[in-house]
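What follows is a short report on a single structure.
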Amino acid sequence: MICIFGGTFDPVHFGHLRPALDVQQALGIEQVHLLPCRVPAHRQTPQLGAQQRLALLELAIAGETGLDIDARELRRDGPSYMVDTLTSLRQEHGERPLCLALGMDALAGLDRWHRWEEILTLCHLVVMQRPETHWPRDGLIAERLGPLRVVEPEALRRRAAGAVLTLPVTQLSISATHIRRLLADGRSARYLLPTAVLERIKQENWYAH
Ligand code: ATP
């Protein structure tokens, strides 16, 4: 089973890393592939360039065998549409189960993604519970994805795509927005992200205004 975890990672922090590792352990898979996007299609342009965010990700996962990086979106021109990424992964992996891990906040906005309904024909969704977020009670997401929900990780292995699993992960109320704000204000972001990542940010004077 393959699992990717997409994001802007601007910058990567413990709120990405620990839940990604929780997913890797809960699904019993070798690795979760962190997949940075080049130009996000449905949110503002990242503050750091793609290569800078990639360099921070590399520092963040150094020595961790349960996580690795899939940089395919950084090599593709134009907006990073997840449906295109999943299509290319599907071509590589045939009928193997493919999972996309995303936070509950990202799930709530899934219906704004490019060709979003095709995504469920290409992969399963693994929804990570994020502090102060809940499964949508009504609306398109609740209506379309509710019937696809499963409770056991094992259910994801039985078919290639089309199931939605909610996973409890370590609750870390950390966001990249908060970290960028701290750094722009000249305040400390220590203990929110790996030391090596923070050190590189400081060396390069990234996110400072
Ligand atoms: P920003 O604050 O810039 O919006 P972010 O911290 O939400 O960034 P992203 O790179 O946009 O990080 O998120 C990538 C993925 O990681 C999304 O699916 C998001 O829901 C998830 N994620 C981010 N932070 C957490 C967290 N603290 N706990 C669980 N999931 C998280």
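All ligand and atom numbering here is 1-based and tracks the order in the structure.
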task: For Gly6, take its heavy atoms, then give the atoms of ligand 1 lying under 4.0 Å from any of them.
output: 14 (C), 15 (C)
message: If you measure every N or O of His13 against every N or O of ligand 1, does any of those distances drop under 3.5 Å?
response: yes
- prompt: Is there any N or O on Phe5 that sits under 3.5 Å from an N or O of ligand 1?
  reply: no
message: Does any N or O of ligand 1 fall below 3.5 Å from an N or O anywhere on Leu172, backbone included?
response: yes
message: Are any of the N/O atoms on Thr8, whether in the backbone or the side chain, positioned under 3.5 angstrom from an N/O atom of ligand 1?
response: yes
query: So, is His16 polar-close to ligand 1, with some N/O to N/O distance under 3.5 Å?
result: yes
query: Is there any N or O on Met104 that sits under 3.5 Å from an N or O of ligand 1?
result: no
Backbone of Phe9 reached by a side-chain donor or acceptor of Arg53 within 3.5 Å: no
- request: Within a distance under 4.0 Å of any heavy atom of Phe9, pick out the atoms of ligand 1 and give their elements.
  value: 10 (O)
task: Quick one: look at Arg180 and ligand 1, take heavy-atom pairs under 4.0 Å, and tell me if it's side chain, backbone, both or neither.
output: side chain
query: Can you list the ligand 1 atoms lying under 4.0 Å from a non-hydrogen atom of Gly7?
result: 10 (O), 14 (C)
- request: For the pair Arg181 and Asp185, find out whether any cationic side-chain nitrogen is under 4.0 Å from an anionic carboxylate oxygen.
  value: no
message: Whether Arg157 and Glu154 form a salt bridge (side-chain N of Lys/Arg under 4.0 Å from carboxylate O of Asp/Glu) is what I want to check.
response: yes
message: Applying a heavy-atom cut-off of 4.0 Å, say which part of Asp105 lies close to ligand 1: side chain, backbone, both or neither.
response: side chain
